[in-house]
Amino acid sequence: MYQQETIKPYHDGEKAQQVEAMFDHIAPSYDKLNHRLSWNIDRGWRRKAIAALLPYQPQSLLDIATGTGDFAIMAAQMLKPQKLIGADISEGMMDVGKKKVEKLGLQYVIKFAHEDCLNLSFAENSFDAVTAAFGIRNFADLEQGLREMCRVLRPGGHLSIVELTTPVKFPMKQLFKVYSHTVLPVYGRIVSKDKSAYSYLRRTIEAFPQGERMMDILRQTGFKETSFKRLTAGICTMYLATK
């Protein structure tokens with residue numbers, strides 16, 4: 001079983017509460033920080049992950065670790081599903097998302113649910129597609145989280161994930177290391193007023209399994225037809241799979 005050893009945010013008692021509180025605290029500045037720290041490239045990453053689902057026309061979607069709902073909103077606009085549920089541990093993040101959804105008039109399509117992503121409340125075979133953008137690296141037990149995503153996905157349904165990763169080739173590997181260890185935590189601390197949040201981000205990226213290793217984990221947790229594609233020189237990776 002794969003389990004992150006250095007980062008245990010969910011399903012770990014007091015630690016889960018600490019991480020939930022951290023995301024609640026940075027929620028008001030989260031969107032601005034993400035877009036600035038990625039030079040707005042994160043929007044393109046989300047778009048690619050959603051576009052991969054277009055051929056299947058999913059009508060019911062679950063967006064795991066939805067945060068402030070950016071991915072859910074884009075998915076609703078591009079895929080036109082009948083329903084989309086954004087699930088997250090942080091009420092503060094989802095409160096920001098609810099305001100954005102109402103402003104766009106999407107509240108009849110997108111609903112938010114406070115969920116432990118390692119123990120989802122939804123029935124088996126509930127969704128045509130499950131998505132996750134920049135959130136599953138926070139799982140204390142990645143395998144359990146993926147098993148839950150597979151469980152609620154209907155047979156033949158599709159999984160689409162985008163996650164921050166560490167570049168593997170020169171010179172981006174070296175440049176990203178400098179950026180993630182200096183610019184990212186300092187700027188994140190200044191804007192969010194949180195000393196730990198963006199140092200935490202760097203640690204979760206470094207601890208997260210990537211590429212073929214992630215493919216093995218997806219297959220072990222019930223998925224098939226797995227594939228991955230590195231985006232922007234490996235700063236982000238898109239993972240696709242079928243149940």
One thing to verify: whether R213 and D216 come together as a salt bridge, which I'm taking to mean a side-chain N less than 4.0 angstrom from a carboxylate O.
no
Within the distance-only criterion (no hydrogens, no angle test), does the side chain of Q59 pair as donor or acceptor with the backbone N or O of Q57 below 3.5 angstrom?
yes
Examine Y108 and L106 and state if one hydrophobic cluster contains both, with Ile, Leu, Val, Met, Phe, Trp and Tyr joined whenever side-chain heavy atoms are less than 4.5 Å apart.
no
So, the side chain of S126 versus the backbone of F122: is there a donor-acceptor pair under 3.5 Å, distance only?
no
Using atom types as modelled and distance alone, determine if a side-chain donor or acceptor of K243 lies under 3.5 Å from a backbone N or O of C150.
yes
Are the charged groups of K99 and D95 less than 4.0 angstrom apart, N to O?
no
Could you give the distance from NZ (K98) to CD (Q107), rounded to the nearest 0.5 Å?
12.5 Å
Between L53, L218, T226, I64, which is the residue that forms a side-chain contact (heavy atoms from CB on, under 4.5 Å) with L159?
L218
Taking atom NZ of K111 as the centre, does the number of heavy atoms from other residues, nucleotides or ligands within less than 6.0 Å exceed 12?
yes
With a 3.5 Å distance limit and no angle check, can you tell me whether T232 reaches the backbone of I235 through a side-chain donor-acceptor pair?
no
Derivation of the side-chain contact (heavy atoms from CB on, under 4.5 Å) call for K100 and I73:
CA-CA 8 Å; K100 293 194 295 186; I73 289 169; 3.9 Å; yes
Residue set satisfying ring pair (Phe, Tyr, Trp, His ring centres under 6.0 Å) with Y239, at least two apart, ordered chain then number -> none
Give a yes or no on whether a salt bridge exists between R147 and E143, defined as a side-chain N under 4.0 angstrom from a carboxylate O.
yes
How long is the gap from CD1 on I89 to OG1 on T66, to the nearest 0.5 Å?
14.0 Å
Distance check, rounded to the nearest 0.5 Å: F228 atom CZ versus T237 atom OG1?
7.5 Å
I need the C236 SG to I161 CD1 distance, nearest 0.5 Å.
11.0 Å
Test your reading of the model: is there a side-chain donor-acceptor pair from E91 to the backbone of H114, 3.5 Å cut-off?
no
Which distance, rounded to the nearest 0.5 Å, do you find between the CG of L120 and the CE of M149?
8.5 Å
Compute whether any side-chain donor of one residue and acceptor of the other, for D63 and T131, lie under 3.5 angstrom apart.
yes
For the atom pair CD (E115) and CG (L62), what is the distance rounded to the nearest 0.5 Å?
8.0 Å
May I ask you to decide whether E148 forms a salt bridge with R151, counting only side-chain N to carboxylate O separations under 4.0 Å?
yes
Measure the shortest side-chain to side-chain distance between D128 and R154 over non-hydrogen atoms and say whether it is less than 4.5 angstrom.
yes
Between the main-chain N or O of G156 and the side-chain N or O of T242, is there a donor-acceptor pair closer than 3.5 Å?
no
Working note: I85 + L61, criterion side-chain contact (heavy atoms from CB on, under 4.5 Å); need CA distance, chi angles, decisive distance, verdict.
CA-CA 6 Å; I85 297 176; L61 283 83; over 6 Å; no
How far apart are the closest heavy atoms of L84 and A76, and which atoms are they?
CD1-N, 3.9 Å
For the pair L164 and W45, evaluate side-chain contact (heavy atoms from CB on, under 4.5 Å) and give the outcome as yes or no after the intermediate values.
CA-CA 10 Å; L164 295 172; W45 296 336; 3.7 Å; yes
Should D70 and R43 count as an ion pair when the cut-off is N to O under 4.0 Å?
no
